[in-house]
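Only one structure is covered here, and it is reproduced in the block below.
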Number of protein chains: 2
Amino acid sequence: MLNERSLTVSQDCAECPIRHRAVCARCESDELERLEEIKYYRKFEAGQTVIWSGDRMDFVGSVVSGIATLTQTMEDGRTQMVGLLLPSDFVGRPGRASAAYDVVATTDLVMCCFRKSPFEEMMRQTPHIAQRLLEMTLDELDAAREWMLVLGRKTAREKIASLLSIIARRDASINMRTATGTLVFDLPLTREAMADYLGLTLETVSRQISALKKDGVIELEGKRHVTIPDMARLLDEAGDDSDGGMFA
Amino acid sequence: MLNERSLTVSQDCAECPIRHRAVCARCESDELERLEEIKYYRKFEAGQTVIWSGDRMDFVGSVVSGIATLTQTMEDGRTQMVGLLLPSDFVGRPGRASAAYDVVATTDLVMCCFRKSPFEEMMRQTPHIAQRLLEMTLDELDAAREWMLVLGRKTAREKIASLLSIIARRDASINMRTATGTLVFDLPLTREAMADYLGLTLETVSRQISALKKDGVIELEGKRHVTIPDMARLLDEAGDDSDGGMFA
DNA sequence: CGTGATTTTGAAGTCTTTCAACACGCGTGG
DNA sequence: CCACGCGTGTTGAAAGACTTCAAAATCACG
């Protein structure tokens with residue numbers, strides 16, 4: 001269960017699926033060449049822990065494919081997800097010695113890693129990397145603040161609707177479709193992971209999903225395959241301004 | 001009530017109380033000189049709104065003295081605080097046209113402002129500023145994630161204890177004392193602001209403060225003056241590992 | 001087709017909110 | 001000097017939302 005298989009997969013940055021969104025997005029070709037020298041790929045299986053909170057962090061990296069979660073756990077076992085890491089998202093904090101959160105692979109996961117000190121050195125020499133990392137960090141901070149509103153002030157039903165709309169939106173964005181009208185996607189999270197995301201119990205998550213289904217806000221095939229017949233309706237249930245969400 | 005009085009207070013960066021912590025912390029003296037050319041001070045009275053969410057942001061800046069809050073509001077009036085801005089904290093996002101949150105002065109407030117485009121230009125030319133801003137943004141992201149655990153998983157009593165310990169700690173840090181043993185400080189927030197911070201109602205905040213007082217975890221003189229006889233006890237009530245909090 | 005993980009559903013219990021009334025502190029003005 | 005009004009804070013009682021505990025249903029998979 002805990003055998004950490006780490007395979008090396010050589011690959012060209014120019015062909016990388018996250019080339020234009022990751023921390024390297026602004027790099028010129030000569031900068032990419034230098035990154036290629038220090039990068040290496042690691043694979044993790046669904047359910048595997050990538051990093052334990054408190055461990056020494058000797059690498060940073062980007063999610064290439066798959067999904068990972070960032071979670072905090074209290075001594076008594078209560079856990080709260082504090083980040084949902086999708087392809088192109090950055091893991092780790094330059095300048096910090098040990099990990100502040102658990103990172104767990106939710107699906108099979110491929111990461112593009114850099115040993116920490118060469119990456120930090122590269123950051124000092126390459127403003128493009130630091131610039132992009134700042135931009136990404138500001139985006140994450142905005143997302144975290146949006147999430148704080150969800151956690152602090154929304155009802156269970158609104159929380160579920162919010163999470164579904166976030167997933168629907170990013171799914172549309174990855175597949176280059178518009179996030180309006182009818183949308184279809186697979187939930188990448190278990191009920192328990194959704195509960196940890198939203199500060200609920202898994203039973204409440206299940207009940208609210210059933211309620212949204214009964215009310216026709218969503219349709220389900222199996223447990224994970226979701227159809228949103230009317231995105232505006234879902235956004236309304238989430239308590240958001242239904243401005244359509246003009247984000248990248 | 002809404003007369004926005006903005007006074008200009010000329011002042012020397014070298015003497016600035018937030019010189020070593022703000023976005024300019026890493027700047028050399030020649031860089032400071034250039035910043036001095038584009039900076040200006042603005043004062044706000046307690047209660048005044050500094051920026052309305054959605055407004056065009058034509059400046060960014062640092063809190064010099066006083067306290068401000070960052071809040072989000074839903075259409076029906078529910079509000080969630082998403083940031084507590086203390087001296088040296090940065091306001092505004094380079095590269096963004098309009099404000100995403102309301103910024104409100106909780107106490108009388110002095111800000112050191114920069115018009116946005118000159119500041120953005122300066123950021124491009126001055127890696128020290130971008131570096132420092134990245135560092136500060138990463139710190140804020142960590143704080144937001146800690147806050148998410150509080151919002152999502154802690155009980156009302158733990159939430160209050162968490163907030164009190166955060167304020168106690170930063171107060172000790174500003175006054176250069178250790179955050180252990182007995183601590184004394186004034187609450188900079190009303191019960192309602194605390195409720196907005198913690199995702200509670202102001203009644204629940206009041207009840208839990210009374211309960212902590214009854215149990216001897218805190219002592220009160222008036223409504224705002226707090227004594228913590230035993231910081232470790234408070235941290236325990238907050239549900240945190242009582243590791244003493246080794247932060248700057 | 002059985003086994004374990006995941007999910008759903010029910011019933012009771014708990015915590016927080018809601019609604020309401022009252023107390024306190026403070027500045028204004030009679 | 002004291003009454004009044006207003007913002008802020010406290011407290012009580014009832015209602016409500018979510019959790020907890022328990023059991024059954026469904027799904028994935030060998």
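In the text below, chain A, chain B and the rest are named by the order of the sequence lines, each starting its count at 1. Below, each value reflects all heavy atoms present in this structure, side chains not excepted, and no hydrogens, waters or symmetry copies.
Note on Ser210(A): only backbone sugar-phosphate atoms sit closer than 4.0 angstrom, heavy atoms only; bases stay farther off. Within 4.0 Å of Gly47(A), counting heavy atoms only, lies no atom of the nucleic acid at all. In this structure, Arg224(A) reaches the sugar-phosphate backbone alone: every heavy-atom distance under 4.0 Å involves primed, P, OP1 or OP2 atoms, never a base. Nucleic acid contact class of Thr190(A) (heavy atoms, under 4.0 Å, all strands): sugar-phosphate only. Contact annotation for Leu200(A): backbone-only contact, meaning every heavy-atom pair under 4.0 Å involves sugar-phosphate atoms and none involves a base.
Evaluation of atom-type donor-acceptor distances gives a pair under 3.5 Å for the side chain of Glu203(B) against the base of dC19(C).
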Dump the intermediate steps for side-chain hydrogen bond (donor to acceptor under 3.5 Å, both in side chains) on Thr71(A) and Thr69(A), then the final yes or no. CA-CA 6 Å; Thr71(A) 57; Thr69(A) 62; 5.0 Å; no
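Between Ser173(A) and Arg21(A) the shortest heavy-atom distance is OG-NH2, 4.1 Å.
The separation between Met194(B) atom CE and dT10(D) atom C1' is 13 Å, rounded to whole Å. Summarising the geometry, the separation between CZ on Arg78(B) and P on dT16(C) is reported as 18 Å, rounded to the nearest angstrom. Distance CG (Leu198(B)) to C1' (dT17(C)): 15 Å, rounded to an integer number of Å. The CG atom of Asp186(B) sits 16 Å away from the C1' atom of dT8(D) (whole-angstrom rounding). Atom CZ of Arg153(A) and atom C1' of dA17(D) are 15 Å apart (whole Å). Distance Arg191(A) CZ to dC27(D) P: 12 Å, rounded to the nearest Å. One can place CD1 of Ile209(A) at 11 Å from C1' of dT8(C), the figure rounded to the nearest angstrom. To the nearest angstrom, C1' of dC18(D) lies 16 Å from CG of Asp196(A).
Looking at the side chain of Arg207(B), the nearest of the listed nucleotides dT17(C), dA11(C), dC18(D) is dT17(C). Nearest to the side chain of Lys223(A), among dT7(C), dT16(C), dT17(C), sits dT7(C).
A side-chain donor-acceptor contact under 3.5 Å links Thr201(B) and Thr204(B). Side-chain polar atoms of Asp196(A) and Thr79(A) form a donor-acceptor pair below 3.5 angstrom.
Side-chain nitrogen and oxygen atoms of Thr204(B) include at least one within less than 4.0 Å of the OP1 or OP2 phosphate oxygen of dT17(C).
With Asp230(B) contributing its side chain and Gly181(B) its backbone, the two residues share no donor-acceptor pair below 3.5 Å.
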